Asks: 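Quick one: structure below, then a few questions.
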Amino acid sequence: MTDLTIPSTPTRFEPPADLAASANVTAEAYARAESDADGFWAEQAERLTWAEPFTQVLDWSDAPRARWFVDGKLNAAYNCVDRHVEAGRGDKVAFHFVGEPGDTRDITYAELKDDVSRAANALTSLGVGSGDLVAIYLPMIPEAIVAMLACARIGATHTVVFGGFSAEALASRIEDCRAKLVITSDGGYRRGAPSPLKPAVDAALSRLGGQSPVDHVLVVRRTGEYVPFDDATDLWWHDVVGSASPEHTPEAFDAEHPLYVMYSSGTTGKPKGILHTTGGYLTGAAYTHHAVFDLKPDTDVYWCTADIGWVTGHSYIVYGPLANGVTQVLYEGTPDSPHRGRWWEIIERYGVTLFYTAPTAIRTFMKWGREIPDTYDLSSLRLLGSVGEPINPEAYLWYRSVIGGDRCPVVDTWWQTETGQMMISPLPGVTAGKPGSAMRPLPGIGADVVDEEGRSVPNGSRGYLVLTKPWPAMLRTLWQDDERFVETYWTRFADLGYYFAGDGAKKDEDGDIWILGRVDDVMNVSGHRLSTSEIESALVSHPRVAEAAVVGAADETTGQAVVAYVILRSGDGNNGEALTQELRSHVAKEIGAIAKPRQITIVPELPKTRSGKIMRRLLRDVAEGRDVGDTTTLSDPSVMALIANRDTESA
Ligand code: 6R9
């Protein structure tokens with residue numbers, strides 16, 4: 001986690017007067033939701049268009065398995081697209097798409113409706129229907145959103161796999177969810193060059209061989225580069241979708257119909273398939289997007305820089321913003337292609353008013369220097385959001401001042417793939433924000449910081465972050481692993497019925513919440529969740545590695561960085577730089593480039609307790625350059641001296 005030092009008297013920034021005066025949500029919302037939670041959430045659900053009304057807000061009788069908006073029926077794609085067209089807003093731009101090479105495309109809601117309808121018809125013609133799983137492995141191009149909405153429209157459940165993940169990671173996800181169809185592209189543009197995607201799908205399918213559940217691969221042409229094509233399975237998107245009819249009548253699905261599965265790193269090597277359903281999820285995403293960004297759909301231009309391969313892209317590029325009918329920017333590439341002012345140039349060009357990004361990006365821009373954003377006109381901005389990891393006060397202050405011109409409030413939004421929607425965040429028209437604090441649970445949300453026994457800690461103390469009541473966008477279960485769902489989130493404080501978030505937090509003297517980072521073996525690298533054991537498994541799958549221990553060490557730019565300690569199998573061969581490079585590439589191949597260790601140190605032994613548990617805490621001390629703390633529980637305390645030695649050699 002970022003080394004977050006909580007100042008004793010934090011600075012506070014009052015909401016701008018004009019924003020407060022016309023804010024979508026005022027302080028009353030907290031009391032309203034507190035006194036009548038069902039009524040409050042029913043009101044939020046009315047933002048959506050229901051084909052059949054719900055008869056009950058929440059059925060919690062089988063807790064922790066929730067049913068929200070019981071008996072209600074709706075279509076998520078209709079809510080995100082058609083109803084805006086029917087309301088006469090078809091000409092409104094849904095997306096200003098900016099490709100990395102500089103190509104741009106404006107897509108109106110009417111065009112989006114036609115595209116989604118064509119894709120829905122195409123999927124149906126490929127035999128995909130309600131209850132089927134579709135894997136989406138695409139760059140940040142409009143077709144990614146069209147594909148997600150087309151699935152939702154026909155009741156197929158999508159699982160978007162981040163384009164940076166490797167063939168191995170893709171194969172395990174396809175296998176776990178038994179996807180019938182994979183939607184991919186020849187590639188996308190990254191750092192000024194085409195970067196292929198389809199070959200990873202081919203490799204994943206050949207790895208699965210006869211076990212592969214996939215009937216077809218639908219390929220979007222983006223880069224025009226050559227791709228091997230297997231006529232038995234592969235189809236071009238422009239052929240199949242391009243020739244399909246733009247007429248499609250959406251069917252209404254139950255509020256609890258599975259909308260998507262998003263795989264996320266857990267504390268074991270096997271990623272968790274987090275399941276989100278339709279009515280509650282869409283309500284939670286749409287309400288928080290409206291409340292936390294103070295969204296004025298007629299005038300705002302919104303830009304969330306997340307990738308649709310992560311939950312932030314699902315809730316705050318696709319479902320929340322489209323349900324709210326806003327105009328947004330969609331950008332394909334990296335912040336430094338072709339130059340380091342690319343993002344600010346886009347904000348200036350499209351007059352972006354609401355901007356949502358991650359602390360790791362902000363820290364990178366800080367390193368590049370304020371001279372870069374200073375040359376652009378960023379005066380259209382009126383609100384800035386942060387997500388993915390704790391934002392250290394320095395980054396917050398820089399963001400607020402350099403990007404926000406000291407005029408825009410910063411909303412630091414804490415939430416997770418599991419929560420589906422923002423949970424702890426300032427309300428921009430109400431809260432006097434403190435740099436570094438996510439502040440308070442949003443209206444209708446119950447969150448607390450508790451001790452080992454689940455008792456609320458007094459102000460000024462640290463503890464575990466818990467969620468104390470159900471919320472509409474909560475995960476419903478883990479895909480085909482309900483037992484792990486209960487075990488992971490609901491067992492630790494079972495008597496109290498609390499959801500265990502896996503984060504440590506502190507309540508300051510005013511009772512405001514500061515998130516301190518994960519308390520489990522999950523790392524946060526540039527806002528991406530990675531599991532230590534997943535990377536360890538990748539390392540030990542290399543023939544030269546006998547054992548590996550991975551820790552997340554504080555890193556100035558990425559929040560945490562992957563640092564690995566490896567014991568080699570005996571035998572000859574190179575043990576030096578060439579081998580560590582090879583191991584780094586091996587991890588990239590097994591999981592993806594984001595999981596590549598920053599540093600690998602080859603050690604003779606790992607620090608273990610007498611019961612054989614690796615003491616990662618000690619390795620983290622070494623990785624972060626601290627004196628090693630208490631080693632008395634080690635079975636052999638002398639190993640730390642050996643490791644510390646190796647670490648200085650390799651540094
Ligand atoms: C949305 C998302 C969830 C984990 C979460 C926490 C960290 C996210 C944060 C934050 C401090 C914030 N996290 N937002 N920590 N302040 N505003 O990132 O989902 O990828 O599932 O990660 O990220 O540790 O538990 P996900």
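Residue numbers start at 1 and run along the sequence shown. Whatever order the structure lists them in is the order used to number ligands and atoms, beginning at 1. Predicted, not measured: the structure shown is a model, and the values here were computed from it.
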Asks: What atoms of ligand 1 come closer than 4.0 angstrom to any heavy atom of Asp412?
Replies: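 The atoms of ligand 1 under 4.0 Å from a heavy atom of Asp412 are 12 (C), 16 (N), 17 (N).
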
Asks: What part of Thr312, side chain, backbone, both or neither, has a heavy atom within less than 4.0 angstrom of ligand 1?
Replies: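 Just the side chain.
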
Asks: For the residue pair Arg47 and Tyr287, would you count it as a cation-pi contact if the rule is NZ or CZ under 6.0 angstrom from the ring centre and within 45 degrees of the ring axis?
Replies: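 Judged by the rule, Arg47 and Tyr287 form no cation-pi pair.
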
Asks: How far is atom 11 (C) of ligand 1 from its nearest protein heavy atom, and which residue and atom name does that atom have?
Replies: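 The protein heavy atom lying closest is Pro390 N, 3.1 Å.
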
Asks: I need the atoms of ligand 1 closer than 4.0 Å to a non-hydrogen atom of Ile515, numbered in the order shown.
Replies: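 Going through ligand 1 atom by atom, the ones under 4.0 Å from Ile515 are 11 (C), 15 (N).
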
Asks: Can Leu381 and Thr353 be said to form a side chain to side chain contact (heavy atoms under 4.5 Å, CB included), step by step?
Replies: CA-CA 4 Å; Leu381 289 169; Thr353 59; 6.0 Å; no

Asks: Would Asp512 and Lys506 pass as an ion pair if we require N to O under 4.0 Å?
Replies: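 Salt bridge absent between Asp512 and Lys506.
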
Asks: Is the terminal nitrogen or CZ of Arg173 (NZ for Lys, CZ for Arg) located under 6.0 angstrom from the six-membered ring centre of Phe165 and within 45° of that ring's axis?
Replies: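 Yes.
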
Asks: Examine Trp479 together with Tyr263 and report whether their ring centres are nearer than 6.0 Å.
Replies: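 Centroid separation for Trp479 and Tyr263: 6.0 Å or greater.
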
Asks: How far is atom 12 (C) of ligand 1 from its nearest protein heavy atom, and which residue and atom name does that atom have?
Replies: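 Checking every protein heavy atom, the shortest distance to atom 12 (C) of ligand 1 gives Glu389 O, 3.5 Å.
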
Asks: Identify, by atom number and element, the atoms of ligand 1 in contact range of Asn524, meaning under 4.0 Å from any of its heavy atoms.
Replies: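 Those qualifying, in numeric order: 7 (C), 23 (O).
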
Asks: Would you say Arg518 has any N or O atom under 3.5 Å from an N or O of ligand 1, going by distance alone?
Replies: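 The answer is yes, given that Arg518 and ligand 1 share an N or O pair closer than 3.5 Å.
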
Asks: Answer side chain, backbone, both or neither: which part of Ile391 comes under 4.0 Å from ligand 1, heavy atoms only.
Replies: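 None of Ile391 does.
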
Asks: Is the shortest side-chain N to carboxylate O distance from Glu34 to Lys469 below 4.0 Å?
Replies: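 A salt bridge is present here (some side-chain N lies under 4.0 Å from a carboxylate O).
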
Asks: Under 4.0 Å from any heavy atom of Val311, which atoms of ligand 1 are there?
Replies: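 This gives 1 (C), 19 (O) as the contact atoms.
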
Asks: May I ask you to check if ligand 1 and Thr417 share an N or O to N or O distance below 3.5 Å?
Replies: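 Such a contact does occur with ligand 1.
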
Asks: Considering heavy atoms of the protein only, find what lies nearest to atom 2 (C) of ligand 1 and give residue, atom and distance to 0.1 Å.
Replies: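 Sorting protein heavy atoms by distance from atom 2 (C) of ligand 1 puts Trp415 O, 3.8 Å first.
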
Asks: Below 4.0 angstrom from a heavy atom of Val387, which ligand 1 atoms are there? Numbered from 1 as shown, please.
Replies: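 Counting from 1, the qualifying ligand atoms are 1 (C).
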
Asks: For this output row, return yes or no: ring centroids of Tyr499 and Tyr489 closer than 6.0 angstrom.
Replies: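 Yes, they do, as the ring centres are separated by less than 6.0 Å.
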
Asks: Quickly, which of Val550, Val551, Thr532 forms a side-chain contact (heavy atoms from CB on, under 4.5 Å) with Val562? Name it, please.
Replies: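 It is Val550, the one option of Val550, Val551, Thr532 that forms the side-chain contact (heavy atoms from CB on, under 4.5 Å) with Val562.
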
Asks: Take Trp343 and Tyr331 through the test side chain to side chain contact (heavy atoms under 4.5 Å, CB included) and record every step on the way to the result.
Replies: CA-CA 9 Å; Trp343 280 14; Tyr331 173 56; 3.7 Å; yes

Asks: Which of the atoms in ligand 1, numbered in the order shown and given with their element, are less than 4.0 Å from a heavy-atom of Thr413?
Replies: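 Numbered from 1, ligand 1 contributes 9 (C), 12 (C), 14 (N), 17 (N).
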
Asks: For atom 7 (C) of ligand 1, what's the nearest protein heavy atom and its distance?
Replies: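 Protein heavy atom at minimum distance: Gly388 O, 3.3 Å.
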
Asks: Under a 4.0 Å N-O cut-off, is there an ion pair linking Arg342 with Asp336?
Replies: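 Here Arg342 does not pair with Asp336 in a salt bridge, since their nearest N and O are not under 4.0 Å apart.
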
Asks: At what distance is the nearest protein heavy atom to atom 24 (O) of ligand 1, and which residue and atom is it?
Replies: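 Checking every protein heavy atom, the shortest distance to atom 24 (O) of ligand 1 gives Asp503 OD1, 2.6 Å.
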
Asks: Among all the protein's non-hydrogen atoms, which is closest to atom 22 (O) of ligand 1, and how far away is it?
Replies: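 I find the closest protein heavy atom is Arg529 CD, 3.2 Å.
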
